[in-house]
Structures are given as structure tokens and as C-alpha cells.
Amino acid sequence: MKQIMSQAAADSIPMTMTVGGICGFAGVITSTDAFQTMLNAIVSINLSPILICWVVVALMCMLTGGSSTGQLIALPQIAPKLLDMGLNVNVIHRVSVFAATTLDSMPYCGSILMLLPMCHMKLREIYPSMFITTVVATTCGTAAVVLMCTLFPGLV
């Protein structure tokens, strides 16, 4: 039992460091003036608030490499602005949850980097298929949610 616990602890260190590094990177990015400028530029574009929600959450998830981290950073920043633009809180929730799954699985994503050693595979071997299932398919799903929320606002 001692050997198993020691090996498990040793195996968890690189994965913990990977996720911690990505979260730290996201924290540094969001504290910069460039981040606030980019966020204000996106929100000021003449788009539907639903599309702004989708774009900002997806971009934050892409930058941070994780859906929960991206939402944690994006939503406190944009939710008040979206509410001021007249977007329903339920719509913000639904769209942001789906949008978070679109670009969160970039090659530097913590879960993908943790998956590779477990599978004994290289990124170039698995990423093309993974991109289709984790980016293309989820983007189509998010588009369907945005369309439904736009066409049938009473459903939320």
C-alpha cells in the first residue's frame, strides 16, 4: 500500500504543476491592461449580447486552457455588462456553459497534457481527432443553443 500511495503522489506532481501553471498564466493575463482593453473592445462591438457572451467566454477558455477557469475569469467581467445590455441571467448561464466547451481543449489544455502520458501517445497523434470532437462538435452545439435562446427566449 505504501508503494502504491508513493507512486500516486509522485505521478500527481506533474499534473498538478501543469494545471497550476495554466491557472497562474490566466491570472497574469487578466490583470494586464491589454486584457481589459481587449475585453472592452469585444463588448463594444455592435453584436447581439448572446454572441458577445459566446465569444468572450470561448476566448477566455482558450486563453486559460480550461472551461471552468475561463468562466471564472470571464463571467465576473462580462456578466454585469451583458445584464445591462438586457440579456437574461439564464441565457448568460446556458450560453457560457456551452461556450466554455468550445475552445477549452487547445493543445496546451491541462486535461489534454495530463491525458497524453496516461495514453502513452504524442499530441500530434491524437489531437486532430480530438479537435474535431472537442472543438468542432461543441461549437456546433453552442451555435444550436445560441440559436434556440435567440429564437425562443421564453424557454429559458
Side-chain angles (χ1 to χ4, degrees), residues 15-32 34-119 121-156:
M15 296 176 190
T16 303
M17 297 299 287
T18 299
V19 172
I22 291 170
C23 291
F25 174 68
V28 169
I29 286 177
T30 57
S31 66
T32 64
F35 171 78
Q36 287 302 321
T37 302
M38 180 192 73
L39 188 63
N40 291 335
I42 292 171
V43 172
S44 67
I45 295 172
N46 191 16
L47 282 176
S48 164
I50 291 177
L51 294 178
I52 291 172
C53 181
W54 180 2
V55 169
V56 171
V57 171
L59 286 176
M60 290 306 110
C61 293
M62 181 184 76
L63 287 173
T64 61
S67 57
S68 55
T69 308
Q71 288 181 80
L72 186 65
I73 291 168
L75 290 175
Q77 301 282 332
I78 64 161
K81 295 174 185 178
L82 295 173
L83 290 170
D84 289 344
M85 296 170 93
L87 199 58
N88 182 320
V89 132
N90 295 326
V91 173
I92 294 171
H93 175 262
R94 282 184 178 80
V95 171
S96 65
V97 167
F98 276 85
T101 65
T102 56
L103 299 175
D104 69 325
S105 56
M106 294 289 106
Y108 50 83
C109 171
S111 55
I112 291 174
L113 295 176
M114 288 187 281
L115 174 73
L116 292 173
M118 288 184 225
C119 298
M121 297 186 84
K122 302 287 183 212
L123 186 62
R124 69 179 168 272
E125 296 171 323
I126 66 164
Y127 197 70
S129 302
M130 188 173 280
F131 180 84
I132 291 170
T133 57
T134 64
V135 176
V136 175
T138 57
T139 299
C140 292
T142 304
V145 168
V146 167
L147 184 64
M148 293 301 286
C149 288
T150 302
L151 295 177
F152 306 105
L155 288 178
V156 290

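Everything numeric here is computed off the predicted structure, so don't read it as measured data. Numbers for residues simply follow the sequence, beginning at 1. Values below: every heavy atom of this structure, side chains too, minus hydrogens, waters and symmetry copies.
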Check your understanding: Just how far is it from atom CG of L87 to atom CG of L51, taken to the nearest 0.5 Å?
Key -> 10.0 Å
Revision key, fill the gap. All heavy atoms of V91 vs all of C149, minimum pair found to be CG1-CB, 4.1 Å
Check your understanding: How long is the gap from CG on L63 to OG1 on T69, to the nearest 0.5 Å?
Key -> 11.5 Å
Check your understanding: Of all heavy-atom pairs between P76 and I73, which one has the smallest distance, and what is that distance?
Key -> CD-O, 3.7 Å
Practice item. Taking the side chain as every heavy atom from C-beta outward, state whether Q71 and V97 have any atom pair closer than 4.5 Å. Key: yes
Please tabulate, for the side chains in residues 130-148, all donor-acceptor contacts under 3.5 angstrom to protein atoms that are two or more places apart in sequence or on a different chain.
| unit_1 | atom_1 | unit_2 | atom_2 | d |
| --- | --- | --- | --- | --- |
| T133 | OG1 | S129 | O | 3.3 |
| T133 | OG1 | M130 | O | 3.2 |
| T134 | OG1 | S105 | OG | 2.6 |
| T134 | OG1 | M130 | O | 2.6 |
| T138 | OG1 | T101 | O | 2.9 |
| T138 | OG1 | T134 | O | 2.8 |
| T138 | OG1 | V135 | O | 3.2 |
| T139 | OG1 | V135 | O | 2.6 |
| T142 | OG1 | F98 | O | 3.0 |
| T142 | OG1 | T138 | O | 2.9 |

Exercise for review: Determine whether K81 and N40 make a side-chain contact, defined as any pair of heavy atoms from C-beta on separated by less than 4.5 Å.
Suggested key: yes
**Study point:** 4.5 Å side-chain heavy-atom contact, L39 and V56
**Key:** yes
Practice item. Evaluate the side chain to side chain contact (heavy atoms under 4.5 Å, CB included) criterion for residues F35 and M60: first the C-alpha distance (whole Å), next the side-chain angles of each, then the deciding distance (0.1 Å), finally the verdict. Key: CA-CA 10 Å; F35 171 78; M60 290 306 110; 3.0 Å; yes
Point to revise | Spacing of I50 atom CD1 and T150 atom OG1 [to the nearest 0.5 Å] | key: 3.5 Å
Check your understanding: Atom CG of L72 and atom OG of S67: how far apart are they, to the nearest 0.5 Å?
Key -> 11.0 Å
Point to revise | Atom pair SG/CD1 of C119 and I126 - distance to nearest 0.5 Å | key: 6.0 Å
Point to revise | Value rounded to 0.5 Å, distance of CG in L82 from OG in S96 | key: 9.5 Å
Exercise for review: Test side chain to side chain contact (heavy atoms under 4.5 Å, CB included) on V57 and V95 and set out the steps.
Suggested key: CA-CA 9 Å; V57 171; V95 171; over 6 Å; no
Point to revise | Exceeds 12 heavy-atom contacts within 6.0 angstrom, atom CE of M17 | key: no
Review point. Got M106 and L103 here, is their nearest side-chain heavy-atom distance under 4.5 Å?
Key: yes
Review point. Should I42 and I78 be marked as a side chain to side chain contact (heavy atoms under 4.5 Å, CB included) after you check the CA-CA gap, both sets of side-chain angles, and the distance that decides it?
Key: CA-CA 10 Å; I42 292 171; I78 64 161; over 6 Å; no
Practice item. Search all heavy atoms of I92 against all heavy atoms of A79 and return the closest pair with its distance. Key: CD1-O, 4.2 Å
Check your understanding: Please walk me through it: do L75 and H93 pass side chain to side chain contact (heavy atoms under 4.5 Å, CB included)?
Key -> CA-CA 9 Å; L75 290 175; H93 175 262; over 6 Å; no
Check your understanding: Does A74 offer a backbone N or O that forms a donor-acceptor pair with the side chain of Q77 under 3.5 Å?
Key -> no
